[in-house]
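Structure record follows, encoded as structure tokens.
Letters go in sequence order (proteins before strands), and every chain restarts at 1. These numbers come from the heavy atoms of this one structure, side chains and all, not from hydrogens, waters or symmetry mates.
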Protein chains: 2
Amino acid sequence: MSTENKILDSIASSKNNKPHCGTCSLSSLCLPIALQANDLDALDQVIKRGRPIQKGEMLFKQGDDFNAVFAIRTGAVKSFTVARSGEEQITGFHLASELVGLSGYAEDVYPLSAKALETTTVCELPLDKLEVLCDEIPGLRKQIMRNMSGEIRQDQQMMLQLSKKSADERLAYFLLELSGRFERRGFSAKAFRLAMSRVDISNYLGLAVETVSRIFTRFQKNGLIATEGKEITLLNLDELNNLTGNPSLNAQCDSQ
Amino acid sequence: MSTENKILDSIASSKNNKPHCGTCSLSSLCLPIALQANDLDALDQVIKRGRPIQKGEMLFKQGDDFNAVFAIRTGAVKSFTVARSGEEQITGFHLASELVGLSGYAEDVYPLSAKALETTTVCELPLDKLEVLCDEIPGLRKQIMRNMSGEIRQDQQMMLQLSKKSADERLAYFLLELSGRFERRGFSAKAFRLAMSRVDISNYLGLAVETVSRIFTRFQKNGLIATEGKEITLLNLDELNNLTGNPSLNAQCDSQ
DNA sequence: GAGCTACCTTGATCTGTGTCAATATTTCTA
DNA sequence: TAGAAATATTGACACAGATCAAGGTAGCTC
């Protein structure tokens, strides 16, 4: 820890405040640490900004050489694996300001594919540049490790959901988990847009589409949510939370 | 925490090159990189060797301060989360030469607990020492990141199993996955001992114990496996592999 | 704005696996 | 080594959710 700060401090010598890659500087990602302004500049030089990615386009494919991590600026992405049998398993949805592609570290190839759910802009962080920077900015590497570690935790939570919970519990969990992610990024925790289709949701949750659809309908009948196509409003966070059977996912629910 | 540091300090001050914890130097862990000999010496100084841990004892508990990563020398460990409702979800089994505790990086506390399945010896890698070392040996940090990344990949594979596969497929997958881990560590891929109980297996796979028991029986009737209590022999790797519906888990099966 | 396509909803039925219950086996303890 | 406790097996039955089938609806393109 102290090592970290020492190096950070030592780096903090020359700085300027030039605006960089807009919302996608690493400081606005899931990297809660406060980096120095000049660190940010260094990072911004590494960021490769590509054209917007259209709905359905791939960020990277399973088996591609692992050469970059992606930070999502706007839009949404799903990541998924394709089994030999051809079936697709969605392993996660990634929203604005989140990182995709970290699992490539294990074997120098991406173990999964990532596809845009809607028009999406990303910042590409080429691996070689990132490596060099990580050696210069210890805080950065730590944050990336935190990110990976957080992903492990999240996946393990998901394993619990998938293996132990009923369809109702899974969907309630899914909605609250999304809600929390929006809230943490300054958006409404109650009203948001589901970038993914019902099929994607059902795939992710290990359910049939029909089941997901039925539960959406029932939740709506019971006054838990309101839907209008892809727009959704969570009307009763408390009750949804009870449904999950998990420790509260949403701070707002605790206080009510 | 303070206890920990006291112990660490005493270790740091009285260090020499006395033969250390045998099989558990980091080079023999899941860390395939070839480190320099003097790096290994540095690592060995960090390794804290504890007394053997008895069956049922905890390595660390959910919520404990994250202050060490553990490398298993002999024995086996299960890691699991406990939901508010009290239910336990096993997130993984860890065999000799594997690391446990990396997911603590995310929030400075362990998000799960780890308990010995049998008498187990571990090497404790105190975090602060490891941090310093990682700054000195860049290859080490990379290996730890690979490890984390690999865990993500493994968990995501497990999500696929849990959400899409039948009970038969899950158990076949479980057995082959274990088999592969034994094989990679130089043990027989076909005959090994299941350190975990049927209840643990069923919990991990998201099934009822009865279901697991029935499938073991049926696999045996069909000549796929032979069991004698906790000892198990895989008689037909090919067929087991077919059952999983996944890309081959076991090299031996590919070549047959 | 007609027609096409992809997506979503709802109903009827079927089935894999959970649950409950009883017994058998192994492991521990004294 | 006996007796107790934990763990494993086997059977009967029920139900959550899959599957099959049939519309309905939204978002395209021309």
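Put simply, the side chain of B/V122 does not reach to within 4.5 Å of the side chain of B/V100, judged on heavy atoms. Counting heavy atoms from C-beta on, the side chains of A/R193 and A/E118 come closer than 4.5 Å. Using a 4.5 Å cut-off on side-chain heavy atoms (C-beta onward), B/M148 and B/Y105 make contact. At a threshold of 4.5 Å between non-hydrogen side-chain atoms, the residues A/F192 and A/S179 count as touching.
Residues A/T227 and A/Q220 approach most closely at OG1-OE1, 2.7 Å, considering heavy atoms. Smallest separation of non-hydrogen atoms from B/F80 and B/Q62: O-OE1, 4.2 Å.
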Decide yes or no on side chain to side chain donor-acceptor pair (under 3.5 Å) for A/Q156 and B/T81, but give the supporting numbers first. CA-CA 9 Å; A/Q156 291 180 344; B/T81 57; over 6 Å; no

Would B/L171 and B/I201 satisfy side chain to side chain contact (heavy atoms under 4.5 Å, CB included), going step by step from the backbone distance to the final call? CA-CA 9 Å; B/L171 196 59; B/I201 295 172; 3.9 Å; yes

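The separation between A/F216 atom CZ and C/dT9 atom P is 8 Å, rounded to whole Å.
Contact footprint of chain B on DNA chain D: nucleotides with an atom under 4.0 Å from a non-hydrogen protein atom, first to last in 5' to 3' order, D/dA8 to D/dA12.
Within the structure, the salt bridge (Lys or Arg N to Asp or Glu O under 4.0 Å) test picks out the following pairs touching residues 198-211 of chain B (sequence neighbours left out): B/K78-B/D200.
For the atom pair B/L207 CG and A/K164 NZ, the distance stands at 9.0 Å (nearest 0.5 Å).
Here the side chain of B/T74 pairs no donor or acceptor atom with the backbone of B/A96 at under 3.5 angstrom. Put simply, the side chain of A/E98 gets close to the backbone of A/L95: a donor and an acceptor are under 3.5 Å apart.
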Reading 5' to 3' through nucleotides 13-30 of chain C, protein heavy-atom contacts under 4.0 Å coded B for base, S for sugar-phosphate only, - for none: ----SSBB----------

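For DNA chain C, no neighbouring residue in residues 193-202 of chain B is found when judged by any heavy atom under 4.0 Å.
In terms of the ring-ring contact (aromatic ring centres under 6.0 Å, His included) criterion, residue partners of A/Y110 (sequence neighbours excluded) are, by chain and number, A/F60, A/F66.
Inter-axis angle, ends of the helix from C/dG1-D/dC30 to C/dA30-D/dT1, five pairs per end, rounded to 10 degrees: 60°.
At a threshold of 4.0 angstrom between heavy atoms, the contacts of A/S213 include nucleobase atoms, whether or not backbone atoms are also involved.
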